[in-house]
Amino acid sequence: MAQKVRYCWSRAIRLLVATSYCWPLHLLRHPLAMIHSVEEIRLDLLLGMAEDTDDMRFSVKQKGELMWSICHDNILKFLKNVPSSRQHRVKYEDLVQQPQSTVNLLCEFIGLDFHVDMLQPYKEKKQRMSDSIDSVSRMVGDPKFHTHKSIDAKAADRWKEDYQVDFLAEETWQVAEELGYEKMNVTDNNREEGEI
């Protein structure tokens, strides 16, 4: 059954890519910044990744690294089948540090006219479709969305305050470097046995 599902999914992706309906937008963030967010808001628990079960003995950092690495590796594999003219990448760091030029390029890619309100995502928050489907569910996205007042360029590097050492696995850095992120020069000599 699993093999049949994989075949059907693979075939569906090939058909989608072969048509003009596939215009992927790849949103990404530095792996250490993403891991920092996972730790800060305990995204692993929101995603149902239980702690200390017999078969899943990973720290929160390790879970964050696995999420980032596996997701972006899969995305890169998928994008190899999509013509470069039909794909666009937006780095979080560019979005918060150079919002106007980044949003202009995004608008150009998707065929929308730029509007200055695109640079004010926290304006009229009730109109931003940031709530959940019903009153009982949590919102999908940044749980801290409603605490922000404006785009904060410093948010791109905030993780550096807490992470002064490189604890990422070599495999994660390979994906990160393919996405244009530079490897840290400082290494963690106290890496725990079994860390990814």
Side-chain angles (χ1 to χ4, degrees), residues 16-17 19-41 43 46-47 64-65 67-133 138-164 166 168 172-185:
L16 179 65
V17 170
T19 69
S20 60
Y21 297 111
C22 183
W23 290 74
L25 173 61
H26 183 187
L27 304 172
L28 64 146
R29 191 173 184 191
H30 191 286
L32 290 167
M34 191 275 205
I35 293 165
H36 187 264
S37 289
V38 169
E39 280 193 302
E40 188 176 52
I41 64 170
L43 184 62
L46 290 173
L47 296 175
E65 182 174 355
M67 281 188 263
W68 189 95
S69 185
I70 291 169
C71 286
H72 289 294
D73 187 50
N74 286 337
I75 290 167
L76 288 172
K77 287 175 183 169
F78 171 78
L79 291 177
K80 287 181 181 172
N81 299 307
V82 179
S84 59
S85 62
R86 288 191 2 217
Q87 55 180 281
H88 188 73
R89 181 174 293 151
V90 175
K91 287 185 174 181
Y92 173 81
E93 295 82 5
D94 296 338
L95 191 57
V96 297
Q97 292 174 335
Q98 305 152 30
Q100 184 156 354
S101 60
T102 303
V103 172
N104 272 324
L105 289 172
L106 176 58
C107 287
E108 195 176 299
F109 172 71
I110 58 179
L112 288 177
D113 292 330
F114 172 81
H115 190 280
V116 70
D117 282 351
M118 294 176 177
L119 301 178
Q120 299 174 16
Y122 307 107
K123 181 181 174 184
E124 299 177 22
K125 292 179 184 180
K126 293 194 186 278
Q127 304 296 318
R128 296 295 179 194
M129 295 175 37
S130 60
D131 56 346
S132 61
I133 295 172
R138 291 182 181 210
M139 70 175 281
V140 176
D142 182 0
K144 298 186 299 180
F145 176 82
H146 293 289
T147 65
H148 301 300
K149 297 195 182 335
S150 63
I151 296 173
D152 181 8
K154 294 176 188 170
D157 294 324
R158 196 163 286 132
W159 60 271
K160 293 178 180 177
E161 296 168 10
D162 293 320
Y163 298 159
Q164 287 84 35
D166 174 11
L168 297 180
T172 302
W173 273 121
Q174 288 172 359
V175 175
E177 288 175 330
E178 189 173 345
L179 293 169
Y181 291 107
E182 292 183 20
K183 192 170 185 175
M184 292 178 69
N185 293 328

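Fair warning: this is a prediction, and the values are worked out from it, not measured in the lab. Side chains are part of it too, since the values below use all heavy atoms of this structure and drop only hydrogens, waters and symmetry mates.
- The two residues Ala155 and Tyr92 come nearest to each other via the heavy atoms CB-OH, 3.2 Å.
- Here salt bridge (charged side-chain N to carboxylate O under 4.0 Å, His left out) pairs that include residues 70-80, with residues two or more places apart or in two chains, are Asp73-Lys77.
- Atom CZ of Arg29 sits about 13.0 Å away from atom CG of Asp94, to the nearest 0.5 Å.
- Judged as a side chain to side chain donor-acceptor pair (under 3.5 Å), and not counting sequence neighbours, the contacts of Asp162 are His36.
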Checking Ser69 against Gln174 for the side-chain contact (heavy atoms from CB on, under 4.5 Å) test, could you report, in this order, the C-alpha distance in whole Å, the side-chain angles of both residues, the deciding distance, and whether it holds? CA-CA 9 Å; Ser69 185; Gln174 288 172 359; over 6 Å; no
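- Counting heavy atoms from C-beta on, the side chains of Gln87 and Leu25 never come closer than 4.5 Å.
- A donor-acceptor pair is defined here as one N or O able to donate and one able to accept, closer than 3.5 Å; no such pair exists between the side chain of Gln98 and the backbone of Leu95.
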Show me the donor-acceptor pairs, under 3.5 Å and distance only, between side chains in residues 103-111 and residues at least two apart or in other chains.
unit_1: Asn104; atom_1: ND2; unit_2: Gln100; atom_2: O; d: 3.2

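- Side-chain contact between Val96 and Thr102 is absent, with no heavy-atom pair separated by less than 4.5 Å.
- The two residues Ala156 and Gln97 have their closest heavy-atom pair at CB-NE2, 3.5 Å.
- In this structure, the side chain to side chain donor-acceptor pair (under 3.5 Å) partners of Trp173, at least two apart in sequence or on a different chain, are Asp166.
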Check step by step if side-chain contact (heavy atoms from CB on, under 4.5 Å) holds for Val90 and His26. CA-CA 6 Å; Val90 175; His26 183 187; over 6 Å; no
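- The distance from atom CD1 of Ile75 to atom CG of Leu179, rounded to the nearest 0.5 Å, is 8.5 Å.
- Here the shortest heavy-atom pairing between Phe78 and Pro24 reads CE2-CG, 4.0 Å.
- Taking the side chain to side chain donor-acceptor pair (under 3.5 Å) definition, one finds that Tyr181 meets it with Glu93, sequence neighbours left out.
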Test Leu32 against Lys160 for side-chain contact (heavy atoms from CB on, under 4.5 Å), laying out the working first. CA-CA 8 Å; Leu32 290 167; Lys160 293 178 180 177; over 6 Å; no
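- Using a 4.5 Å heavy-atom threshold, the side chains of Leu28 and Met34 count as separate.
- Side-chain contact check for Glu177 versus Lys183: some heavy-atom pair is nearer than 4.5 Å.
- Considering all non-hydrogen atoms of both residues, Trp159 and Ala33 come closest at CD1-CB, 3.2 Å.
- Proximity of Trp68 to Thr172: side-chain heavy atoms (C-beta onward) are separated by under 4.5 Å at one or more points.
- The shortest distance between side-chain heavy atoms of Pro99 and Met118 does not fall below 4.5 Å.
- In this structure, His30 has no side chain to side chain donor-acceptor pair (under 3.5 Å) partners at least two apart in sequence or on a different chain.
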